[in-house]
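Order of appearance sets the numbers: ligands from 1, and atoms from 1 within every ligand. In what follows, residues are counted from 1 in the order of the sequence shown.
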Amino acid sequence: MAEARFQPRVFSGIQPSGNLTLGNYLGALRRFAEMQVSHETLYCIVDLHAITVWQDPAKLRNATRELAAAYIASGIDPEKSILFAQSAVPGHAQLAWVFNCVARIGWMYRMSQFKDKAGKNAENSSLGLLAYPALMAADILLYHATHVPVGEDQKQHIELTRDIAMKFNHDYGTDFFPITEPVIEGVATRVMSLRDGTKKMSKSDPSDMSRINLTDDADAIAAKIRKARTDAEPLPETYAGLAGRPEARNLVSIYAALAGETPDQVVAAFAGRAFSDFKPALADLAVAHLSPISARMGELMADPAEIDRLLAAGAERANAIATPIVARTYEIVGLAGR
Ligand code: ATP
Ligand code: LTN
């Protein structure tokens with residue numbers, strides 16, 4: 001494999017579709033901030049992905065700024081990381097078209113995110129929703145990114161990115177694109193809904209009680225955790241003792257991720273106690289983590305022009321990496337434009 005040719009470079013993206021959740025924070029944002037210390041990092045607001053389902057234009061613009069604020073409030077330093085909006089760098093759409101022609105339709109129909117989002121009426125979903133993973137592959141490969149930190153739900157899309165890179169390299173007899181690695185680490189790679197421990201906590205869940213939003217205030221966080229579904233059993237001695245109790249496991253995992261402990265340490269500390277004792281401690285911990293983030297987001301959102309300026313500077317840096325990669329791709333494929 002040509003891996004050694006590629007310097008380590010981290011890329012990830014989040015959709016500006018409103019309501020960032022504790023799942024986005026633990027599965028993505030917090031880890032993005034950690035990785036910027038040791039790596040060259042690019043973090044993107046994937047607004048082209050957001051419009052695969054209809055978005056109100058004014059709300060989309062606002063959600064883009066709000067996501068930029070969330071990135072920064074979660075510790076991403078826009079001087080160090082390259083922070084930008086996908087639509088501000090034309091290479092994403094340019095490379096996505098090439099990948100639309102490399103990827104096979106059958107690969108797209110197999111994606112579980114497509115099946116979930118398209119639902120029963122798949123024929124009536126946008127063509128963009130089906131092609132979504134080819135755009136995601138373009139996001140990553142446009143920068144020759146070698147590592148992509150994501151939550152568990154994105155693993156299948158990263159595998160598809162690898163398949164697209166391999167097929168492109170094979171079809172054109174080159175080793176131009178790297179075979180990217182997913183980085184899915186930690187105890188909170190799949191935070192579950194507070195109402196149903198078998199469903200992912202999601203910003204698009206119709207029930208607001210199912211998730212903790214980054215912008216929830218202390219009272220809302222405490223109320224949502226108090227009302228979170230659990231069972232009547234006390235906490236066992238070990239985390240393994242929570243088998244078959246998905247809601248209980250989820251709350252313990254969230255606690256562990258926030259406290260920086262292992263799930264076993266958390267269970268041991270509360271062994272034999274009821275969830276009614278555990279929940280207030282979890283609520284305190286969540287509030288202690290999230291309230292500085294939402295306060296900082298509020299401050300940043302008070303100056304939208306400054307956010308726009310930061311994003312424009314990020315787009316310029318991203319474009320400088322992307323432009324020669326698009327040009328070389330076009331040349332490899334035999335396209336006339338540069
Ligand atoms: P939706 O919930 O509407 O499907 P999403 O939150 O999954 O949207 P994004 O906002 O694009 O979609 O996700 C951004 C990142 O957050 C991805 O890396 C994703 O894996 C991660 N993520 C999302 N939800 C969770 C969760 N419940 N647990 C852990 N990571 C998550
Ligand atoms: N598909 C992802 C968002 C996303 C992404 C990316 C993540 C778009 N492009 C590139 C990592 C790398 C999602 O729905 N969470």
Side-chain angles (χ1 to χ4, degrees), residues 9-32 35 41-53 55 63-64 66-67 70-71 74 84-87 89 92-93 95-96 99 108 111-119 128-129 131-143 145-162 164 180-208 210-214 246 250 253-254 257 318:
R9 185 178 277 156
V10 172
F11 180 96
S12 200
I14 301 185
Q15 299 187 61
S17 39
N19 279 334
L20 284 163
T21 71
L22 181 65
N24 295 129
Y25 176 67
L26 293 175
L29 285 165
R30 189 176 69 163
R31 305 206 14 269
F32 295 178
M35 291 190 90
T41 42
L42 292 109
Y43 295 124
C44 188
I45 298 165
V46 291
D47 52 356
L48 297 173
H49 277 111
I51 62 162
T52 55
V53 294
Q55 305 286 332
T64 297
E66 195 167 89
L67 179 52
Y71 270 120
S74 303
F84 67 104
Q86 188 184 31
S87 60
V89 178
H92 291 261
L95 193 57
F99 289 167
M108 303 294 153
M111 294 294 110
S112 37
Q113 184 167 310
F114 174 71
K115 290 188 217 163
D116 288 351
K117 298 219 166 172
L129 192 68
Y132 178 115
L135 176 60
M136 177 159 162
D139 297 341
I140 296 167
L141 296 172
L142 182 59
Y143 304 98
T146 55
H147 294 86
V148 181
V150 278
E152 185 66 44
D153 61 309
Q154 293 303 310
K155 192 170 175 204
Q156 198 184 30
H157 285 158
I158 310 291
E159 278 160 11
L160 194 104
T161 298
R162 294 164 63 91
I164 290 177
T180 305
E181 295 289 336
V183 184
I184 303 171
E185 285 165 1
V187 287
T189 55
R190 189 168 171 81
V191 176
M192 307 309 278
S193 155
L194 299 179
R195 308 301 305 164
D196 176 352
T198 63
K199 264 173 52 187
K200 188 186 84 149
M201 182 181 285
S202 164
K203 52 166 120 99
S204 46
D205 193 310
S207 164
D208 193 58
S210 70
R211 63 177 163 262
I212 293 173
N213 304 307
L214 285 193
N250 186 39
S253 304
I254 293 173

Please report the C-alpha distance between Lys199 and Asp205 in whole Å, then the side-chain angles of each, then the deciding distance to 0.1 Å, and finally whether the salt bridge (charged side-chain N to carboxylate O under 4.0 Å, His left out) criterion is met. CA-CA 10 Å; Lys199 264 173 52 187; Asp205 193 310; 3.5 Å; yes
ring-ring contact (aromatic ring centres under 6.0 Å, His included) with Phe99: which residues, sequence neighbours excluded? Phe177
Can you label the angle between the Tyr143 ring and the Phe11 ring as parallel, tilted or perpendicular, going by 30° and 60°? parallel
Smallest heavy-atom separation, Ser253 atom then Val187 atom, equals CB-O, 3.8 Å
Identified salt bridge (charged side-chain N to carboxylate O under 4.0 Å, His left out) counterpart of Glu181 within the set Arg9, Arg162, Lys155: Arg162
Which parts of the protein, at residue level, reach under 4.0 Å of ligand 1 through a heavy atom? Ile14, Gln15, Gly23, Asn24, Gly27, Ala28, Lys117, Val150, Gly151, Asp153, Gln154, Ala188, Thr189, Arg190, Val191, Lys200, Met201, Ser202, Lys203, Ser204
Listed by chain and number, what are the ring-ring contact (aromatic ring centres under 6.0 Å, His included) partners of His157, not counting sequence neighbours? Tyr132
Would you say that Leu42 contacts Phe84 through its side chain, given a criterion of any heavy-atom pair below 4.5 Å between the two side chains? yes
Any side-chain donor paired with an acceptor under 3.5 Å for Asp208 and Asn19? no
His49 side chain near Asp139 side chain, heavy-atom distance below 4.5 Å: yes
Report each N/O pair between ligand 2 and the protein that falls under 3.5 Å, naming both atoms.
from	atom 1	to	atom 2	distance (Å)
ligand 2	1 (N)	Tyr132	OH	2.7
ligand 2	1 (N)	Gln154	OE1	2.9
ligand 2	9 (N)	Asp139	OD2	2.7
ligand 2	14 (O)	Gln15	NE2	3.3
ligand 2	14 (O)	Tyr132	OH	2.7
ligand 2	14 (O)	Gln154	NE2	3.3
ligand 2	15 (N)	Gln154	NE2	3.3

